[in-house]
Trainee: 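This is the structure, below, for whatever I ask next.
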Amino acid sequence: MIDREKIEQAVRLMLEGIGEDTEREGLRNTPARIARMCEELYGGMDEDAGVHLSRMFSAQSSDMVIEKDITFYSMCEHHILPFYGKAHIAYIPDGKVVGLSKLARTVEVFARRLQLQEQLTGQIADALMEHMKPKGVLVMIEAEHMCMTMRGIKKPGSQTVTLAKRGAFQTDPALEERFFRMLGRS
């Protein structure tokens, strides 16, 4: 649960710490704006991915299902700066499928927390395995991290790619190859 009052106090202290006047017109309402923004950016802290993945439908097919180019925005837990990009999810149904929007909602649940990209990738894969019980899951995330582009090494356009494989994707390399072909990255 977000504590707006603490966030507002912290923002005032930070502004004072960098030498700003917290009472000047442009900053007077900034602490409250930041507190409201935090409710949106970190709303995934209070969400359970299982809620989104609980509505499943029977399916005869056990062919790979891919939802690609799911845009997400998250915040790096090391510098509290944004990282953003695309998530690509593949799964092999075992008698049940989930609505495609539920895959994007699952990405959102975990992206709307302080995160590490590696952790985010694994959390999505684990949630899909736990709640959908598919034969296998593969999650790939490609993201740009503002902690690398606007500070530190300053390399805009750099992409970090992470991959999490579960179930059949761990034991059958042909499935992973097919995934990459379907993404257009053979």
Side-chain angles (χ1 to χ4, degrees), residues 1-15 17-18 20 22 26-57 65-91 96-134 137-152 159-164 166:
M1 182 65 88
I2 300 288
D3 184 333
R4 277 188 176 190
E5 190 176 313
K6 282 186 178 181
I7 293 169
E8 289 183 32
Q9 290 172 356
V11 171
R12 277 188 205 89
L13 285 172
M14 184 193 74
L15 291 171
I18 63 172
E20 278 289 355
T22 59
L27 292 178
R28 196 171 301 129
N29 295 317
T30 296
R33 281 192 294 270
I34 297 293
R36 286 190 307 274
M37 177 189 71
C38 286
E39 288 179 324
E40 182 179 343
L41 294 181
Y42 306 114
M45 295 296 298
D46 299 322
E47 284 189 70
D48 176 7
V51 170
H52 301 295
L53 297 170
S54 63
R55 177 110 170 97
M56 307 231 350
F57 307 95
V65 175
I66 295 180
E67 180 73 14
K68 67 180 192 171
D69 296 329
I70 302 167
T71 300
F72 75 91
Y73 301 89
S74 193
M75 298 291 280
C76 170
E77 67 182 37
H78 292 154
H79 297 98
I80 309 184
L81 285 171
F83 69 96
Y84 55 91
K86 305 279 185 183
H88 315 288
I89 297 173
Y91 73 94
K96 299 237 182 229
V97 294
V98 69
L100 295 177
S101 69
K102 305 309 183 200
L103 298 176
R105 288 186 190 282
T106 301
V107 171
E108 280 298 300
V109 165
F110 293 110
R112 291 176 55 209
R113 302 173 179 187
L114 285 176
Q115 276 292 9
L116 297 174
Q117 182 175 333
E118 300 86 345
Q119 178 176 282
L120 173 62
T121 310
Q123 287 173 337
I124 295 165
D126 291 341
L128 297 175
M129 286 299 287
E130 178 184 346
H131 299 288
M132 293 174 57
K133 309 273 190 257
V137 167
L138 191 152
V139 177
M140 179 176 140
I141 293 182
E142 302 171 293
E144 183 168 337
H145 293 250
M146 296 303 288
C147 58
M148 275 192 53
T149 62
M150 70 180 287
R151 59 152 305 277
Q159 292 280 307
T160 300
V161 179
T162 50
L163 196 67
R166 305 290 187 265

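Just so you know, these numbers come straight off a predicted model, no measurement behind them.
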Trainee: Show the nearest heavy-atom pair for residues I7 and A35, with the distance to one decimal.
Mentor: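 Nearest heavy atoms, I7 then A35: CG2-CA, 3.7 Å.
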Trainee: Can you find a pair of side-chain heavy atoms, one from Y73 and one from L41, that are under 4.5 Å apart?
Mentor: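 No. Closest side-chain heavy atoms not under 4.5 Å.
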Trainee: Please assess H52 against E47 for the test side-chain hydrogen bond (donor to acceptor under 3.5 Å, both in side chains), listing each intermediate value before the final yes or no.
Mentor: CA-CA 10 Å; H52 301 295; E47 284 189 70; 3.2 Å; yes
Trainee: Looking only at side chains, do S74 and Q115 share a donor and an acceptor under 3.5 Å apart?
Mentor: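 Per modelled atom types, S74 and Q115 side chains form no pair under 3.5 Å.
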Trainee: Using side-chain heavy atoms (C-beta onward) and a distance below 4.5 Å, is V109 in contact with I124?
Mentor: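 The answer is no; the side chains never approach within 4.5 Å.
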Trainee: Report yes if the side chains of I141 and L120 come closer than 4.5 Å at any heavy-atom pair, otherwise no.
Mentor: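 I141 reaches L120 side chain to side chain.
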Trainee: Is there a side-chain contact between R33 and R36, using heavy atoms and a 4.5 Å cut-off?
Mentor: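 The answer is yes, as the side chains (C-beta and beyond) meet within the 4.5 Å cut-off.
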Trainee: Ignoring hydrogens and geometry, is there a side-chain-to-backbone donor-acceptor pair from Y42 to M1 under 3.5 Å?
Mentor: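 No; judged by distance alone, with no hydrogens or angles, the pair does not exist.
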Trainee: Hey, what do you get for CD (Q9) to CE (M14), rounding to the nearest 0.5 Å?
Mentor: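 Nearest 0.5 Å value for the CD-CE distance: 14.5 Å.
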Trainee: I need the M75 CE to C147 SG distance, nearest 0.5 Å.
Mentor: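 The distance works out to 10.5 Å.
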Trainee: Looking only at atom types and distance, does a side-chain atom of E20 sit under 3.5 Å from a main-chain N or O of L27, one as donor and one as acceptor?
Mentor: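 Checking the backbone N and O of L27 against the side chain of E20, no donor-acceptor pair under 3.5 Å is found.
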Trainee: Mind listing the side-chain donor-acceptor pairs of residues 78-90 below 3.5 Å, one per line with the distance, residues two or more places apart or on another chain?
Mentor:
residue, atom, partner, partner atom, Å
H79, NE2, R151, NH1, 3.4
K86, NZ, T71, OG1, 2.9
H88, ND1, D69, N, 3.0
H88, NE2, E142, OE1, 2.8

Trainee: Mind checking whether D126 and R166 have side chains closer than 4.5 Å, heavy atoms only?
Mentor: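 D126 reaches R166 side chain to side chain.
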Trainee: Determine whether Q159 and E144 make a side-chain contact, defined as any pair of heavy atoms from C-beta on separated by less than 4.5 Å.
Mentor: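 The answer is yes, as the side chains (C-beta and beyond) meet within the 4.5 Å cut-off.
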Trainee: Quick one: closest heavy-atom pair of T160 and Q117, and the distance?
Mentor: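 Scanning both residues completely, I find the closest heavy atoms to be O-NE2, 2.9 Å.
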Trainee: Around M45, counting heavy atoms of other residues, nucleotides and ligands shown, do more than 12 lie under 6.0 Å from its CE?
Mentor: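 Check fails, neighbour count at 12 or below.
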Trainee: Nearest 0.5 angstrom please: L138 CG to L128 CG, how far?
Mentor: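 L138 CG to L128 CG: 11.0 Å, rounded to 0.5 Å.
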Trainee: Heavy atoms, side chains only, cut-off 4.5 Å: are L163 and T121 in contact?
Mentor: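 No. Closest side-chain heavy atoms not under 4.5 Å.
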Trainee: Between the side chains of R4 and E8, is the shortest nitrogen-to-carboxylate-oxygen separation below 4.0 Å, so that they form an ion pair?
Mentor: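 Not counted as a salt bridge, because no side-chain N and carboxylate O are separated by less than 4.0 Å.
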Trainee: Are L116 and E77 packed together at the side-chain level, in the sense that at least one heavy-atom pair is separated by less than 4.5 angstrom?
Mentor: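 Yes - at least one pair of side-chain heavy atoms lies under 4.5 Å apart.
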Trainee: For R112 and E40, indicate whether the former's side chain and the latter's backbone hold a donor-acceptor pair under 3.5 Å.
Mentor: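 Indeed, once roles are kept as given, a pair shorter than 3.5 Å links the two residues.
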Trainee: Ignoring hydrogens, what is the shortest heavy-atom contact between P31 and V11? Give both atom names and the distance.
Mentor: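 Closest heavy-atom pair between P31 and V11: CA-CG1, 3.8 Å.
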Trainee: Quick check for you: to the nearest 0.5 Å, what is the distance between C38 atom SG and I2 atom CD1?
Mentor: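 Reported value, rounded in 0.5 Å steps: 6.0 Å.
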Trainee: For V137 and V139, which heavy atoms make the closest approach, and how far apart are they?
Mentor: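 Closest heavy-atom pair between V137 and V139: CG1-CG2, 3.8 Å.
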